[in-house]
Peer 1: 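Quick one: the structure is below, questions incoming.
All heavy atoms count here, side chains included; hydrogens, waters and symmetry mates do not.
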Amino acid sequence: MARALEPGTRQFIVLSSDSDKPSDKQPKIYFPALSIRKSQRVGSLMDEFAKAPDSKQLHEMIVAALAEIITGWDNFINPATGEPITFSAEAIWDWLTIPEAYEIMQKVLQQSSVSSDDQKKSEQQP
């Protein structure tokens, strides 16, 4: 079944900086399967990054792209309070860095493309 037809499926990524943490402690960033249209929208937003007239607009565009793809997160803990950080578009501004934003977009777009195993399987179909 096409993954875009399974909106309840929760895929996640873990940032490289968190990969050495135990699985149950890793901050996980959730995203849906991106349809071609949604992938194109995110790609278009990313293409516009280079055209941003100033830093403020660039940051707004980055957060807009992340808001298009992130649907939630787990194990984001406020270091000052020890409390979980609730996901929201506003929280993206406070709890992610620009390098992490780029990593998220790259990983999500890569995971939303067809894997080589899936491609081989589809090529074997009559």
Side-chain angles (χ1 to χ4, degrees):
M1 175 181 284
R3 291 193 303 174
L5 297 177
E6 300 178 44
T9 301
R10 286 177 44 138
Q11 300 178 85
F12 69 88
I13 60 156
V14 173
L15 293 170
S16 298
S17 60
D18 295 320
S19 63
D20 62 341
K21 294 180 180 174
S23 180
D24 63 331
K25 302 283 187 215
Q26 291 175 331
K28 294 175 176 64
I29 299 165
Y30 294 98
F31 65 96
L34 299 184
S35 66
I36 293 171
R37 185 176 311 279
K38 189 120 181 177
S39 181
Q40 179 185 32
R41 167 90 176 121
V42 172
S44 293
L45 286 168
M46 292 174 72
D47 290 344
E48 294 298 314
F49 293 171
K51 300 174 188 172
D54 56 40
S55 170
K56 182 180 185 308
Q57 189 166 355
L58 172 62
H59 286 81
E60 289 171 354
M61 295 165 84
I62 290 169
V63 171
L66 291 175
E68 288 272 337
I69 56 178
I70 298 175
T71 59
W73 58 39
D74 281 333
N75 294 327
F76 271 62
I77 306 299
N78 185 317
T81 66
E83 296 293 318
I85 299 166
T86 303
F87 171 76
S88 68
E90 190 63 27
I92 291 170
W93 284 97
D94 296 321
W95 298 106
L96 293 173
T97 67
I98 294 300
E100 291 167 344
Y102 283 110
E103 182 180 347
I104 291 165
M105 288 181 273
Q106 180 183 32
K107 285 184 172 183
V108 167
L109 290 173
Q110 285 174 344
Q111 287 192 25
S112 292
S113 62
V114 178
S115 72
S116 59
D117 287 342
D118 288 343
Q119 187 173 0
K120 287 176 189 173
K121 289 176 191 172
S122 70
E123 290 171 357
Q124 295 172 357
Q125 299 292 323

Peer 1: For the CD atom on Gln40, are there more than 12 heavy atoms of other groups (residues, nucleotides or ligands in this structure) within a distance under 6.0 Å?
Peer 2: no
Peer 1: Assigning hydrophobic clusters by single linkage (Ile, Leu, Val, Met, Phe, Trp, Tyr; side-chain heavy-atom cutoff under 4.5 Å), is Ile104 placed with Tyr30?
Peer 2: no
Peer 1: Mind checking whether Trp95 and Glu90 have side chains closer than 4.5 Å, heavy atoms only?
Peer 2: no
Peer 1: So do the side chains of Leu96 and Ile70 get within less than 4.5 Å of each other, counting heavy atoms only?
Peer 2: yes
Peer 1: Check Lys28, Lys107, Gln106 against Ile13 for a side-chain contact (heavy atoms from CB on, under 4.5 Å) and give me the one that passes.
Peer 2: Lys107
Peer 1: Quick check for you: to the nearest 0.5 Å, what is the distance between Gln111 atom CD and Gln11 atom CD?
Peer 2: 6.5 Å
Peer 1: Please determine whether residues Ile29 and Ile77 belong to a single hydrophobic cluster, defined as Ile, Leu, Val, Met, Phe, Trp and Tyr linked transitively by side-chain heavy-atom distances below 4.5 Å.
Peer 2: no
Peer 1: List the atom of Val63, the atom of Ala89, and the distance in Å for their closest heavy-atom pair.
Peer 2: CG1-O, 4.2 Å
Peer 1: Taking all non-hydrogen atoms of both residues, which atom of Met61 and which atom of Ala52 are closest, and how far apart?
Peer 2: SD-CB, 3.9 Å
Peer 1: Does Leu34 share a hydrophobic cluster with Phe12, counting links as ILVMFWY side-chain heavy atoms below 4.5 Å and allowing steps through other members?
Peer 2: no
Peer 1: For a quick test of reading the model, state the closest non-hydrogen atom pair linking Met46 to Leu109 and the distance between them.
Peer 2: SD-CD1, 3.6 Å
Peer 1: Using a 4.5 Å cut-off on heavy atoms from C-beta on, say whether the side chain of Phe87 contacts that of Ile92.
Peer 2: yes
Peer 1: If you group Ile, Leu, Val, Met, Phe, Trp and Tyr by side-chain heavy-atom gaps below 4.5 Å, do Ile69 and Leu45 land in one group?
Peer 2: no
Peer 1: Quick one: OG1 on Thr86 to CG on Asn78, what's the gap to the nearest 0.5 Å?
Peer 2: 10.5 Å
Peer 1: Measuring from atom OG of Ser16 to atom CD of Glu100, what distance do you get when rounded to the nearest 0.5 angstrom?
Peer 2: 10.0 Å
Peer 1: Looking only at non-hydrogen atoms, find the nearest pair between His59 and Ser55 and report the distance.
Peer 2: ND1-O, 2.6 Å
Peer 1: Quick one, Lys25 and Asn75 - any side-chain contact, counting heavy atoms below 4.5 Å?
Peer 2: no
Peer 1: Using the rule given for side chain to side chain contact (heavy atoms under 4.5 Å, CB included), can you reason through Lys38 versus Phe31, listing the C-alpha separation, both sets of side-chain angles and the distance that settles it, and then say yes or no?
Peer 2: CA-CA 12 Å; Lys38 189 120 181 177; Phe31 65 96; over 6 Å; no
Peer 1: What's the spacing between Leu58 CG and Ile98 CD1 if we round to 0.5 Å?
Peer 2: 6.5 Å
Peer 1: Out of curiosity, does Val42 fall in the hydrophobic cluster containing Tyr102 (side-chain heavy atoms, cut-off under 4.5 Å, transitive links)?
Peer 2: yes
Peer 1: Is Met105 close to Ile62 at the side-chain level, that is, under 4.5 Å between some pair of heavy atoms?
Peer 2: yes
